Colleague: 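Questions regarding the structure given below will be posed in turn.
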Amino acid sequence: MKNNSITASITAVGKFLPSKKLTNFDLEKMVDTNDEWIRSRTGIEERRIVEKGQASSYMSVNAFKNLQKNYNINSDEIDVIIVATVTPDMLFPSTACIIQDQISAKNAFAFDLSGACSGFLFALDTATRFIESGKYKKVLVFGVDTMSSVVDYTDRNTCILFGDGAGVVLVEPSKDENGIIDSELKTDGSGAKYLMMKAGGSLHPATHETVENKEHFGYQDGATVYKYAVKGMADISKEVSDRNNLTSQTIDLFIPHQANKRIIDSAAKRLGIPNEKVLININKYANTTAGTIPIALTEAVEQKMLKKGDNVILSSFGAGFTWGAIYLKWGIS
Ligand code: UT7
């Protein structure tokens, strides 16, 4: 819990989704699957996919432009850029560096953070500490993934699950009592083998063999990840909510990572909150990995679901395993 005189707060949001849609019906023509199976098992109806030549920096820069349309922020003022992603444009330099250049944030230092589906929450918590230190005043936090670049579109177990997208938030010192109040982040690396991309790193650099063996695509043992995700996300959301004396009545909005509607429903049930207090957009965008939560936050603002002072719980579970929850009092009127 907070014991610091400076409170960090989200003061601006933005998102970008590519316009190209890949529907369940499109996938029916690519692999042995069907719309009914995908919708009933996951809640997904369609997902967005980038065009060739577009990647995580492209979507992030556009998410920032979307933020700038609605909020008055000059790129020169930005102190830090953190980009949560597991699909950087390239291994190095970081995608954050490319974004820093493209948005002309001349005074910012920038780095990527790899936390998979929990990447945005890990990055938001990191940004909170930067602000609370007093040294930095404006931190941009991106959550972005170009999952289409690592998905095997001949594997029905994974290709139905993912989409591309980016979200961004600006974090600043709060001018009132609203802001990021509490967080709990967890890792259990023994789960690494259940959700991974085997090759392309220093252990298995790209060879003809790794390409032939399809090791540059994401692999998931879906049933095992599902089991851990249901428990992990529900437990941590409840832990953070109980620790802050929140109840089903006082939680105004629950914004979970969008991996599977059934996982979201379990976590919401555990919090005892009704459907109208849960933000769900997995039907439109599928799992955009680090993108899901900042995209959902932006949609909550666009749909006027949030007002100043609202109690919001963000929650995630993903590869690593990594998981977490953040409690914030919404700071934008
Ligand atoms: O964000 C990162 C964290 N990731 C997650 O949280 C994802 C966690 N996992 C899941 O969401 C679910 O496990 C899946 C949606 C991936 C799969 O759902 P499931 O209910 O666990 O299905 P299953 O893997 O147990 O498969 C059931 C059956 C299998 O057939 P058999 O062996 O029972 O004959 C699969 O082969 O469904 C089959 N199946 C499919 N059928 C039609 C698997 N994928 C498909 C498909 N279309 N796309």
Side-chain angles (χ1 to χ4, degrees), residues 22-47 84-87 114-122 143-148 150-165 167 185-197 217-237 255-268 270 279-283 285-296 314-325:
L22 183 68
T23 68
N24 291 350
F25 298 104
D26 295 327
L27 286 166
E28 282 183 1
K29 295 177 200 134
M30 297 159 68
V31 288
D32 179 16
T33 190
N34 59 78
D35 173 60
E36 207 284 316
W37 191 97
I38 302 172
R39 265 190 298 114
S40 62
R41 299 285 179 126
T42 69
I44 300 166
E45 292 164 27
E46 58 189 35
R47 64 281 302 132
T85 188
V86 287
T87 50
S114 174
C117 296
S118 302
F120 178 76
L121 292 195
F122 283 22
V144 57
D145 270 300
T146 312
M147 296 307 291
S148 62
V150 293
V151 161
D152 176 0
Y153 286 101
T154 65
D155 174 13
R156 72 174 183 175
N157 290 301
T158 51
C159 74
I160 60 149
L161 298 171
F162 296 100
D164 300 337
L185 306 176
K186 305 248 192 219
T187 295
D188 176 1
S190 70
K193 55 186 173 290
Y194 300 117
L195 180 48
M196 55 156 12
M197 192 174 104
F217 292 128
Y219 160 81
Q220 174 170 238
D221 172 349
T224 303
V225 176
Y226 183 86
K227 199 176 72 191
Y228 282 94
V230 164
K231 183 165 166 35
M233 214 162 85
D235 282 357
I236 206 151
S237 306
I255 303 188
H257 171 54
Q258 313 277 315
N260 186 319
K261 182 157 183 304
R262 291 184 291 147
I263 300 174
I264 296 171
D265 290 345
S266 305
R270 186 75 185 284
L279 199 145
I280 295 178
N281 61 13
I282 188 170
N283 53 317
Y285 308 134
N287 182 352
T288 56
T289 304
T292 60
I293 293 176
I295 290 169
L314 313 176
S315 178
S316 68
F317 187 94
F321 294 133
T322 55
W323 66 110

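These numbers were taken from a predicted model, which means no experiment stands behind them. Ligands are counted one by one from 1 in listed order, and the atoms in each one are counted from 1 as well.
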Colleague: State the atoms of ligand 1, each with its element, that fall below the 4.0 Å cut-off from a heavy-atom position in V225.
Modeller: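 Those atoms are 3 (C), 4 (N), 5 (C), 6 (O), 8 (C).
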Colleague: With heavy-atom distances below 4.0 Å as the criterion, list the atoms of ligand 1 near T42.
Modeller: 15 (C)
Colleague: If you measure from the Lys or Arg side-chain nitrogens to the Asp or Glu carboxylate oxygens, is any gap between K193 and D221 under 4.0 Å?
Modeller: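 No salt bridge links K193 with D221.
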Colleague: Which residue holds the protein heavy atom closest to atom 25 (O) of ligand 1, what is that atom called, and what is the gap in Å?
Modeller: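 So the nearest neighbour among protein heavy atoms is A223 CB, 4.4 Å.
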Colleague: When you measure from the side chain of Q258 to the backbone of L279, do you find a donor-acceptor pair of N or O atoms at a distance under 3.5 Å?
Modeller: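 A pair under 3.5 Å: yes.
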Colleague: Could you tell me if any non-hydrogen atom of L195 lies under 4.0 Å from any atom of ligand 1?
Modeller: yes
Colleague: Pull out every atom of ligand 1 sitting under 4.0 Å from any heavy atom of N157, numbered as shown with elements.
Modeller: 43 (C), 44 (N)
Colleague: Angle class for the Y194/Y228 ring planes (parallel below 30°, perpendicular above 60°, tilted otherwise)?
Modeller: parallel
Colleague: Could you tell me whether the side chain of N34 and the main chain of E36 form a donor-acceptor pair under 3.5 Å?
Modeller: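 Pair found, side chain donor or acceptor close to backbone of E36.
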Colleague: Can a donor-acceptor pair be found, under 3.5 Å and without considering hydrogens, that links the side chain of N283 to the backbone of I44?
Modeller: no
Colleague: Heavy atom under 4.0 Å from ligand 1: found in I263's side chain, backbone, both, or neither?
Modeller: side chain
Colleague: Can you tell me the protein heavy atom closest to atom 18 (O) of ligand 1 and the distance?
Modeller: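 The closest one turns out to be R262 NH2, 3.6 Å.
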Colleague: With heavy atoms of N287 as the reference, note each atom of ligand 1 found under 4.0 Å away.
Modeller: 1 (O), 2 (C)
Colleague: Apply the test side-chain contact (heavy atoms from CB on, under 4.5 Å) to residues R47 and D26: give CA-CA distance (whole Å), side-chain angles for both, the deciding distance (0.1 Å), then the verdict.
Modeller: CA-CA 11 Å; R47 64 281 302 132; D26 295 327; over 6 Å; no
Colleague: Going by the atom numbers of ligand 1, which of them fall below 4.0 Å from some non-hydrogen atom of N260?
Modeller: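 Listed by number with element: 10 (C), 11 (O), 12 (C), 15 (C).
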Colleague: Side chain to side chain donor-acceptor pair (under 3.5 Å), that's the test. Do D164 and T146 meet it? Break it down for me.
Modeller: CA-CA 5 Å; D164 300 337; T146 312; 5.3 Å; no
Colleague: Report yes or no: does D35 contribute a side-chain atom to a donor-acceptor pair with the main-chain N or O of N24 at less than 3.5 Å?
Modeller: no
Colleague: For ligand 1, does W37 get within less than 4.0 Å through its side chain, its backbone, both, or neither, judged by non-hydrogen atoms?
Modeller: side chain
Colleague: For atom 22 (O) of ligand 1, which of Q258, Q220, H257, R41 has the closest heavy atom?
Modeller: R41
Colleague: Counting each atom of ligand 1 from 1 as listed, which ones have a heavy atom of T33 under 4.0 Å away?
Modeller: 42 (C), 46 (C), 47 (N), 48 (N)
Colleague: So if I count the atoms of ligand 1 from 1 in the order they appear, which ones are less than 4.0 Å from some heavy atom of A259?
Modeller: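 That gives atoms 1 (O), 5 (C), 6 (O) of ligand 1.
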Colleague: Hey, does G222 come in under 3.5 Å of ligand 1, counting only N/O atoms on both sides?
Modeller: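 Right, the criterion is met.
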